[in-house]
Amino acid sequence: MSSEGESRFHMVDVSSLTSVHHGDPCDGPRRVMLRTDDGVRIEAVYEPSAASVTDTAVTGTAVTGTDVVAGTDVTGTDAVAGTAVVVAHGFTGSADRPAVRRAARAFAERGAAVVTFSFRGHGGSGGRSTVGDREVLDLSAAVRWARELGHARVVTVGFSMGGSVVLRHAALERGTEGRVDAVAAVSAPARWYYRGTAPMRRLHWVVTRPAGRLVGRYGLRTRIDRRAWDPVPLSPVEAVPLIAPVPLLIVHGDRDAYFPLDHPRTLAAAGGGAAELWLERGMGHAENAADEELLARLGDWLTRR
């Protein structure tokens, strides 16, 4: 989805909300533009589950035109029960990519509501990609939105770059409104700056070279920030020990062309026995390689842990 469609979105400043309800949560998918703590507009999609809803009186938001005005009393609105799964896509993905939509459908079939979104610099979101650094703010906005919609239990699943983001987010957001109740990282790197495979060397060229960023923008539809990380963010393997007691699942394919198996094994070991590790035979990399059977198992794990 291109940014040309932003006029169709509600604007939601998550950092100032107490609750968000736009009609009956069972009406079907809804699209909004979230605003992160650093002011970036993030497109997001909410797809409700078949969970029952109850009428409540809340202090929330009122909708005027296409804007959401925070702090307005709303009565007789609906609170949502059950689990919400927030899906974090890989680099060059977006909320509307077929593999992300397929994952969302699979999780919804397991009884969960699903929030998908596009990281900064991707899809219809604003800003530029920082390749896993400030993307933690995008995920935090999506998680808080799920809680503002009434979900008491919110879990995250991330693929590749998104996998590194869900790990850092779970570590950094403990005890905050952006906290999660379970986290799964699929095809995630254990450490930064890895160049041990040809696909990762190509990715580093895209991210670090002016010509590469042009390829990213026009060939991969991904707008990449030219600035280097400063400071370097907490690495995934450094984040893992900080996640417990939140349930953690590491999933990786044995045919992943980007990150070899020492990455998931290192992540699982960093959990000190608390992390669950699935090594998937014949699986390649990230959401594009996740088949229906794996997605169903992921959905069961996310909704039942």
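These numbers come from the heavy atoms of this one structure, side chains and all, not from hydrogens, waters or symmetry mates. Residue numbers start at 1 and run along the sequence shown.
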Qualifying side-chain hydrogen bond (donor to acceptor under 3.5 Å, both in side chains) pairs with a residue from residues 199-211, counting only residues at least two apart or across chains: Arg195-His204
Candidate pair Glu43 and Ser118, rule side-chain hydrogen bond (donor to acceptor under 3.5 Å, both in side chains), full reasoning: CA-CA 6 Å; Glu43 69 172 350; Ser118 298; 2.6 Å; yes
Restricting to side chain to side chain contact (heavy atoms under 4.5 Å, CB included), what partner residues turn up for Asn288, sequence neighbours left out? Ala99
Applying salt bridge (charged side-chain N to carboxylate O under 4.0 Å, His left out), can you list everything that pairs with Arg153, at least two apart in sequence or on another chain? none
Could you state the interatomic distance from CG (Asp225) to OG (Ser129), rounded to the nearest 0.5 Å? 8.0 Å
N/O donor-acceptor pairs under 3.5 Å from side chains in residues 102-109, not counting sequence neighbours:
{"unit_1": "Arg102", "atom_1": "NH1", "unit_2": "Ala290", "atom_2": "O", "d": "2.5"}
{"unit_1": "Arg102", "atom_1": "NH2", "unit_2": "Glu287", "atom_2": "O", "d": "3.2"}
{"unit_1": "Arg102", "atom_1": "NH2", "unit_2": "Ala290", "atom_2": "O", "d": "3.2"}

Can you find a heavy atom in the side chain of His263 that is under 4.5 Å from one in the side chain of Tyr258? no
Show me the side-chain donor-acceptor pairs of residues 267-279 shorter than 3.5 Å, one per line, residues at least two apart or across chains.
{"unit_1": "Glu276", "atom_1": "OE1", "unit_2": "Trp301", "atom_2": "NE1", "d": "3.0"}
{"unit_1": "Glu276", "atom_1": "OE1", "unit_2": "Arg305", "atom_2": "NH1", "d": "3.0"}
{"unit_1": "Glu276", "atom_1": "OE2", "unit_2": "Trp278", "atom_2": "NE1", "d": "3.0"}

Residues passing the ring-ring contact (aromatic ring centres under 6.0 Å, His included) test with His252, sequence neighbours excluded, are none
Taken in chain and number order and not counting sequence neighbours, the residues that satisfy side chain to side chain contact (heavy atoms under 4.5 Å, CB included) with Ala170 are Val180, Val183, Ile243
Identify every side-chain donor-acceptor pair in residues 85-92 under 3.5 Å, counting partners at least two apart or on other chains, and give the distances.
{"unit_1": "His89", "atom_1": "NE2", "unit_2": "Phe119", "atom_2": "N", "d": "2.9"}

Under the side chain to side chain contact (heavy atoms under 4.5 Å, CB included) test, residues paired with Arg304 that sit two or more places apart: Asp300
Residues at least two apart in sequence or cross-chain that pass ring-ring contact (aromatic ring centres under 6.0 Å, His included) with Phe159, listed by chain then number, are none
By the ring-ring contact (aromatic ring centres under 6.0 Å, His included) test, which pairs, at least two apart or in different chains, include something from residues 215-251? Trp192-Trp229, Tyr193-Trp229
Answer yes or no: is there an ion pair linking Arg120 with Asp133, defined by an N-O contact shorter than 4.0 Å? no
Just checking His151 against Tyr46, ring centres under 6.0 Å apart? yes
Applied to residues 233-249, the side-chain hydrogen bond (donor to acceptor under 3.5 Å, both in side chains) test, sequence neighbours excluded, yields Ser235-Glu238
Value for CD (Glu173) from CZ (Arg179), rounded to nearest 0.5 Å, stands at 10.5 Å
